[in-house]
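Take a look at the structure below.
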Amino acid sequence: VEIAFVNAEHGLAWCLSSLLRYTPCLALCASVVVVLASIFTLSSPTGQTPPLPPTIKCSICLAGQFLFVHLSIWAARAACDFTGGRRFWLILVRTLHTAAGTVQLCPMLAVLFLTLRLRAQEITGNVGAPQGWAQDAMYMCTGAALIQLAVCFLGGVLSAFGSRAGNSSFWRWALVGTQVVLMLTIYGGAVAVCVAFYLVTPATAGGHGGILSLQVAYK
């Protein structure tokens with residue numbers, strides 16, 4: 001919920017409304033930091049802590065992209081309010097809103113990856129992992145989403161300074177083509193993970209055969 005006083009000066013009412021708007025965002029940032037710290041500092045009571053599986057790594061990366069973009073929108077809006085709507089912050093807010101469209105699939109991709117891992121552990125007594133090629137598809141989706149986010153920011157830079165650079169239309173078309181390829185890569189990887197969900201068996205749920213993924217020996 002956003003509360004804005006359009007005609008209010010930078011006085012007490014404006015400060016209170018800004019505090020009310022951005023306090024939940026700060027609390028969310030702090031919660032995300034705590035959860036990530038918990039994930040990376042967990043240790044096994046038996047002494048040997050296993051490394052994070054590829055599924056968890058990809059899910060953390062996807063969640064990080066999603067939260068980074070949306071929290072950045074809040075931060076950019078706050079900066080825009082406090083600076084009186086300078087052109088830089090307006091361009092940044094517009095670019096971040098475009099980036100929000102590129103990361104909208106990240107939560108569902110993370111859920112899909114975790115579902116496949118849970119299925120693999122279910123049929124193997126909590127010792128299995130998704131097929132190696134399925135883990136490669138997870139890495140492919142995650143990498144494509146990250147590159148697509150970078151391309152979106154690059155597009156924002158070109159739109160802001162395109163009038164000063166030559167052949168700006170060429171670079172815009174190049175970025176559009178790159179985004180199309182990356183989107184097809186994301187959807188292709190998601191389809192591969194869905195197929196793996198129906199093909200996984202106790203014999204194949206060991207993480208074998210992956211090119212990008214970490215090999216996990218099935219016991």
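Basis for what follows: all heavy atoms, side chains included, without hydrogens, waters or symmetry-related copies. Throughout, residue positions are numbered sequentially from 1 according to the sequence presented.
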Worksheet entry | Verify same cluster id: Val103, Leu92 (apolar side-chain graph, 4.5 Å) | yes
Worksheet, complete the sentence: Value for CD (Gln148) from CD1 (Ile186), rounded to nearest 0.5 Å, stands at 4.5 Å
Worksheet entry | Shared hydrophobic cluster for Ile39 and Val32 (ILVMFWY, side-chain gaps under 4.5 Å) | yes
Discussion item. According to a hydrophobic-cluster definition based on side-chain heavy atoms being under 4.5 Å apart (Ile, Leu, Val, Met, Phe, Trp, Tyr only), do Tyr187 and Phe197 belong together?
Written reply: yes
Practice prompt. Return the minimal non-hydrogen interatomic distance between Ala205 and Ile123, and the atom names on each side.
Written response: CB-CD1, 4.4 Å
Fill in: Considering all heavy atoms, the nearest Gly189-Met140 contact
CA-CE, 3.7 Å
Discussion item. Please report the interatomic distance OG1(Thr98) to CG(Leu149), rounded to the nearest 0.5 Å.
Written reply: 11.0 Å
Worksheet, complete the sentence: On a heavy-atom basis, the closest approach of Gln104 and Pro107 is O-CD, 3.5 Å
Practice prompt. With the side chain counted from C-beta on, respond yes when Val193 and Thr115 share a heavy-atom pair under 4.5 Å apart, and no when they do not.
Written response: no
Worksheet item: Heavy atoms, side chains only, cut-off 4.5 Å: are Arg119 and Glu122 in contact?
Response: yes
Worksheet, complete the sentence: For Thr124 and Pro202, the nearest pair of non-hydrogen atoms, with its separation, is CG2-CA, 3.9 Å
Practice prompt. Taking the side chain as every heavy atom from C-beta outward, state whether Trp74 and Cys29 have any atom pair closer than 4.5 Å.
Written response: no
Worksheet item: Mind checking whether Leu71 and Leu28 have side chains closer than 4.5 Å, heavy atoms only?
Response: yes
Practice prompt. Report yes if the side chains of Cys152 and Gln179 come closer than 4.5 Å at any heavy-atom pair, otherwise no.
Written response: yes
Response to the item:
Sorted by chain and residue number, the side-chain hydrogen bond (donor to acceptor under 3.5 Å, both in side chains) partners of Thr95 (sequence neighbours excluded) come out as none
Fill in: Distance, nearest 0.5 Å, that separates OG1 of Thr102 from CD1 of Ile147
12.5 Å
Fill in: Candidate pair Thr142 and Gln65, rule side-chain contact (heavy atoms from CB on, under 4.5 Å), full reasoning
CA-CA 10 Å; Thr142 304; Gln65 295 177 49; 4.2 Å; yes
Fill in: Sequence-distant partners of Leu154, side chain to side chain contact (heavy atoms under 4.5 Å, CB included), two or more places apart
Leu175
Discussion item. Is there a path of hydrophobic side-chain contacts, each under 4.5 Å between heavy atoms of I/L/V/M/F/W/Y residues, joining Val35 to Phe68?
Written reply: yes
Worksheet entry | Pairwise side-chain contact, Met138 with Pro130, heavy-atom cut-off 4.5 Å (strictly under) | yes
Item to complete: Considering non-hydrogen atoms only, spot the tightest contact between Gln135 and Pro54 and give its length.
Response: OE1-CG, 3.1 Å
Worksheet entry | Pairwise distance OG(Ser31) to CG(Leu67) - rounded to 0.5 angstrom | 10.5 Å
Fill in: Nearest heavy-atom neighbours spanning Cys141 and Phe113
CB-CZ, 3.8 Å
Discussion item. When you compare the side chain of Leu105 with that of Met183, does any pair of heavy atoms fall below 4.5 Å?
Written reply: yes
Worksheet item: His70: what forms a ring-ring contact (aromatic ring centres under 6.0 Å, His included) with it, not counting sequence neighbours?
Response: Phe66
Worksheet item: Ile60 and Leu114: same hydrophobic cluster, using ILVMFWY side-chain contacts below 4.5 Å?
Response: yes
Discussion item. Is the shortest side-chain heavy-atom distance between Leu96 and Arg77 below 4.5 Å?
Written reply: no
